[in-house]
A.B. asks: 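Sharing a structure here in structure tokens format.
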Amino acid sequence: MKRIIALAAAALLLAGCGTSDAEEKETLRISAAASLMDVVAALEPVFTESHPDTELVINYGSSTKLRAQIEQGAPFDLFLSASSADMDKVVGARLIDADTVVPFAENRLVLVSADTVDSDVTDLLRSPEGNIAVGQPDSVPLGIYTKESLAAAGLWDGLDGHLVYGKDARQVLTYAESGNADLGIVYQSDAAISEKVEVVGKLPSGDTPIIYPAGIAEQAENQAAAEAFMEVLTGDEGRKVIENHGFALPEGGK
């Protein structure tokens, strides 16, 4: 009986040690635009190699949705946005430390299709015959950029009745890849990583450049880890990954 009690006590002691070790592991919470999914995935092993005691918890979505979550009190340490406007709003609300904000990538819009298309981009959009997947134009940065670009070219109004809306950049890409939409307007970076669609052509640039800024929370629970991830993102390895995934570096980023 004493032996059983002793073994049970030892097991409890070991269990207690395991719990203590798990509790010591730090967490870095990142809210990242859906279009950055592959970039962050590529940088995760680079970061964890030098920070093995830090666990990354990543929340992906449209930048506008992520910004709304931040405004509503969702926990985060680092915000990687596909929209300078959304970053400006959380900075203005003093939820992001303005001194930490830095642009790390740029993007542009392209028209894609799962089928081979020979027509010119302007012709396809001026006289659409099928459905075109785009981001929600009122709430998703990709959709906002798309509407601005096409409206400036006089092509937006003519697409009424032909649009299929996606909740974020990756859903728009999925619609085009699956054939649920005949065409899709996506970021160049998303087209670059897809093996299921071909780029038909580039869209005209809108008045608002597509810049991706990063910023650290004013009340970050893991300030040091957030700063360390930012260093990886904006350093040599991060710049290489960004370019390899179809993004451009911001002016002065090379």
A.B. asks: Should we say atom CD of E221 is surrounded by more than 12 heavy atoms from elsewhere, each under 6.0 Å from it?
C.D. replies: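 Not more than 12 within 6.0 Å, no.
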A.B. asks: Please work out which of the three classes, parallel, tilted or perpendicular, describes the rings of F76 and F79, given edges at 30° and 60°.
C.D. replies: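 The rings of F79 and F76 stand perpendicular, inter-plane angle above 60°.
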A.B. asks: If you define the side chain from C-beta out and look only at heavy atoms, does anything of F247 sit under 4.5 Å from F104?
C.D. replies: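 No, their side chains stay 4.5 Å or more apart.
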A.B. asks: According to a 4.5 Å side-chain heavy-atom criterion applied to Ile, Leu, Val, Met, Phe, Trp and Tyr, with indirect links allowed, do I216 and L43 form part of one hydrophobic cluster?
C.D. replies: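 Cluster IDs for I216 and L43 match.
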A.B. asks: So, taking the atom named CE in M37 and the one named CG in L80, what distance separates them when rounded to the nearest 0.5 Å?
C.D. replies: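 Spacing of CE (M37) from CG (L80) equals 12.5 Å.
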A.B. asks: Give me the atom names and distance for the closest heavy-atom approach of V101 to P213.
C.D. replies: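 In terms of heavy atoms, the two residues are closest at CG1-CB, 4.1 Å.
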A.B. asks: Any link between L233 and I210 through a network of hydrophobic side chains (Ile, Leu, Val, Met, Phe, Trp, Tyr) touching at under 4.5 Å?
C.D. replies: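 Result: yes, single cluster for both.
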A.B. asks: Side chains of D182 and I132: does their closest heavy-atom pair fall under 4.5 Å?
C.D. replies: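 Sidechains of I132 and D182: no contact.
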A.B. asks: Would you mind reporting whether V199 and L111 have side-chain heavy atoms less than 4.5 Å apart?
C.D. replies: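 They are not in side-chain contact.
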A.B. asks: Check the pair K202, L109 against side-chain contact (heavy atoms from CB on, under 4.5 Å), reporting the backbone distance first and the verdict last.
C.D. replies: CA-CA 6 Å; K202 297 178 180 179; L109 303 178; over 6 Å; no
A.B. asks: Of the non-hydrogen atoms in P137 and I144, which two are nearest, and what is the gap between them?
C.D. replies: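 Heavy atoms of P137 and I144 come nearest at O-CG1, 3.4 Å.
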A.B. asks: May I ask you to check whether over 12 heavy atoms, not counting those of Q219, lie within 6.0 Å of atom CD?
C.D. replies: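 Incorrect, the count does not exceed 12.
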A.B. asks: Considering only heavy atoms from C-beta outward, does the side chain of R29 approach that of N59 to under 4.5 Å?
C.D. replies: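 Counting from C-beta outward, R29 and N59 never come under 4.5 Å.
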A.B. asks: Please evaluate residues D77 and Q223 with respect to the criterion side-chain contact (heavy atoms from CB on, under 4.5 Å), reporting the C-alpha separation (whole Å), side-chain torsions for both, the decisive distance (0.1 Å), and the verdict.
C.D. replies: CA-CA 7 Å; D77 298 299; Q223 177 85 20; over 6 Å; no
A.B. asks: With side-chain contact (heavy atoms from CB on, under 4.5 Å) as the test, would you mind laying out the steps for E55 and L28 before giving the verdict?
C.D. replies: CA-CA 6 Å; E55 178 184 4; L28 173 61; over 6 Å; no
A.B. asks: Could you go through the side-chain hydrogen bond (donor to acceptor under 3.5 Å, both in side chains) check for S83 and D86 one step at a time?
C.D. replies: CA-CA 5 Å; S83 162; D86 285 308; 3.2 Å; yes
A.B. asks: Between atom CZ of R126 and atom CG of L124, what is the distance when rounded to the nearest 0.5 Å?
C.D. replies: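 Atom-to-atom, R126:CZ and L124:CG are 11.5 Å apart.
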A.B. asks: Give the C-alpha distance, both sets of side-chain angles, the deciding distance and a yes or no for side-chain contact (heavy atoms from CB on, under 4.5 Å) between E148 and T208.
C.D. replies: CA-CA 8 Å; E148 179 184 280; T208 305; 2.9 Å; yes
A.B. asks: To the nearest 0.5 Å, what is the distance between NZ on K147 and CG on D157?
C.D. replies: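 With rounding to 0.5 Å, NZ (K147) is 8.5 Å from CG (D157).
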A.B. asks: Show me, pair by pair, the donor-acceptor contacts under 3.5 angstrom made by side chains of residues 161-177, not counting sequence neighbours?
C.D. replies:
| unit_1 | atom_1 | unit_2 | atom_2 | d |
| --- | --- | --- | --- | --- |
| H162 | ND1 | G130 | O | 3.1 |
| D168 | OD1 | R170 | N | 3.1 |
| D168 | OD1 | Q171 | N | 2.9 |
| R170 | NE | D190 | OD1 | 2.7 |
| R170 | NH1 | D38 | OD2 | 3.0 |
| R170 | NH2 | D38 | OD2 | 2.5 |
| R170 | NH2 | D190 | OD1 | 3.3 |
| Q171 | OE1 | K167 | N | 2.7 |
| T174 | OG1 | R170 | O | 2.9 |
| E177 | OE2 | S194 | OG | 2.5 |

A.B. asks: Could you go step by step and tell me if Y212 and S63 meet the side-chain hydrogen bond (donor to acceptor under 3.5 Å, both in side chains) rule?
C.D. replies: CA-CA 10 Å; Y212 286 61; S63 298; over 6 Å; no
A.B. asks: For A228 and H51, work out which heavy atoms get closest and say how close.
C.D. replies: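 It is CB-NE2, 3.4 Å.
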A.B. asks: For a 4.5 angstrom cut-off between non-hydrogen side-chain atoms, does V197 reach V186?
C.D. replies: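 Not in contact.
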A.B. asks: In Å and rounded to the nearest 0.5 Å, what is the CD to CG distance from E26 to D53?
C.D. replies: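 It is 7.5 Å, given to the nearest 0.5 Å.
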A.B. asks: Identify the heavy atoms of A82 and Y187 that sit nearest to each other, and give their distance.
C.D. replies: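 Taking every non-hydrogen atom into account, CB-OH, 4.1 Å.
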A.B. asks: Taking all heavy atoms of S189 and all of N107, pick out the closest pair and write down the distance.
C.D. replies: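 The pair with the smallest heavy-atom distance is OG-ND2, 2.8 Å.
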A.B. asks: Taking D236 first and then R239, would you say they form a salt bridge - that is, a charged N and a carboxylate O separated by under 4.0 Å?
C.D. replies: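 Here D236 pairs with R239 in a salt bridge, since their nearest N and O are under 4.0 Å apart.
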A.B. asks: Would you say the side chain of T234 lies within less than 4.5 Å of the side chain of V102, judging by non-hydrogen atoms?
C.D. replies: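 Yes - at least one pair of side-chain heavy atoms lies under 4.5 Å apart.
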A.B. asks: Should R67 and M87 count as side-chain neighbours, where that means a heavy-atom distance under 4.5 Å?
C.D. replies: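 When only atoms from C-beta onward are counted, M87 and R67 do not touch, as no gap falls below 4.5 Å.
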A.B. asks: Residues two or more places apart in sequence or in another chain: which of them pass side chain to side chain donor-acceptor pair (under 3.5 Å) with S62?
C.D. replies: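 If we apply the side chain to side chain donor-acceptor pair (under 3.5 Å) test to S62, skipping adjacent residues, there are no hits.
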A.B. asks: Looking at CD1 of I96 and CG of D88, how far apart are the two atoms once the value is rounded to the nearest 0.5 Å?
C.D. replies: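 These two atoms lie 11.0 Å from each other.
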A.B. asks: May I ask whether I211 and V110 are part of the same hydrophobic cluster, defined by side-chain heavy atoms of I, L, V, M, F, W, Y residues being less than 4.5 angstrom apart, directly or through others?
C.D. replies: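 They do not share one cluster, since no chain of ILVMFWY contacts under 4.5 Å joins I211 to V110.
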A.B. asks: When you compare the side chain of V40 with that of I58, does any pair of heavy atoms fall below 4.5 Å?
C.D. replies: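 Yes, their side chains come closer than 4.5 Å.
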A.B. asks: Under a 3.5 Å distance rule, please check whether D97 uses its side chain to pair with a backbone N or O of E218 as donor and acceptor.
C.D. replies: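 A pair under 3.5 Å: no.
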A.B. asks: Compare every heavy atom of Y60 with every heavy atom of A41, then report the nearest pair and how far apart it is.
C.D. replies: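 The pair with the smallest heavy-atom distance is N-OH, 4.3 Å.
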A.B. asks: side-chain hydrogen bond (donor to acceptor under 3.5 Å, both in side chains) for N180 and S178? Distances and angles first, verdict last.
C.D. replies: CA-CA 5 Å; N180 286 332; S178 64; 3.0 Å; yes
A.B. asks: Counting only heavy atoms not in D160, do more than 12 sit closer than 6.0 Å to its CG atom?
C.D. replies: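 Open: at most 12 neighbouring heavy atoms sit under 6.0 Å from CG of D160.
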A.B. asks: Assigning hydrophobic clusters by single linkage (Ile, Leu, Val, Met, Phe, Trp, Tyr; side-chain heavy-atom cutoff under 4.5 Å), is L203 placed with V140?
C.D. replies: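 The answer is yes; both residues are in one hydrophobic cluster.
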A.B. asks: Quick one, S31 with Q69, criterion side-chain hydrogen bond (donor to acceptor under 3.5 Å, both in side chains). Give me CA distance, side-chain angles, the key distance, then yes/no.
C.D. replies: CA-CA 9 Å; S31 290; Q69 291 174 352; 5.3 Å; no
A.B. asks: Can you measure from CG (L249) to CD (E106) and round to the nearest 0.5 angstrom?
C.D. replies: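 Here the rounded value is 8.5 Å.
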A.B. asks: Side-chain heavy atoms nearer than 4.5 Å, only ILVMFWY residues, links allowed to pass through others: does that put I242 and I30 together?
C.D. replies: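 Yes, I242 and I30 fall within the same hydrophobic cluster.
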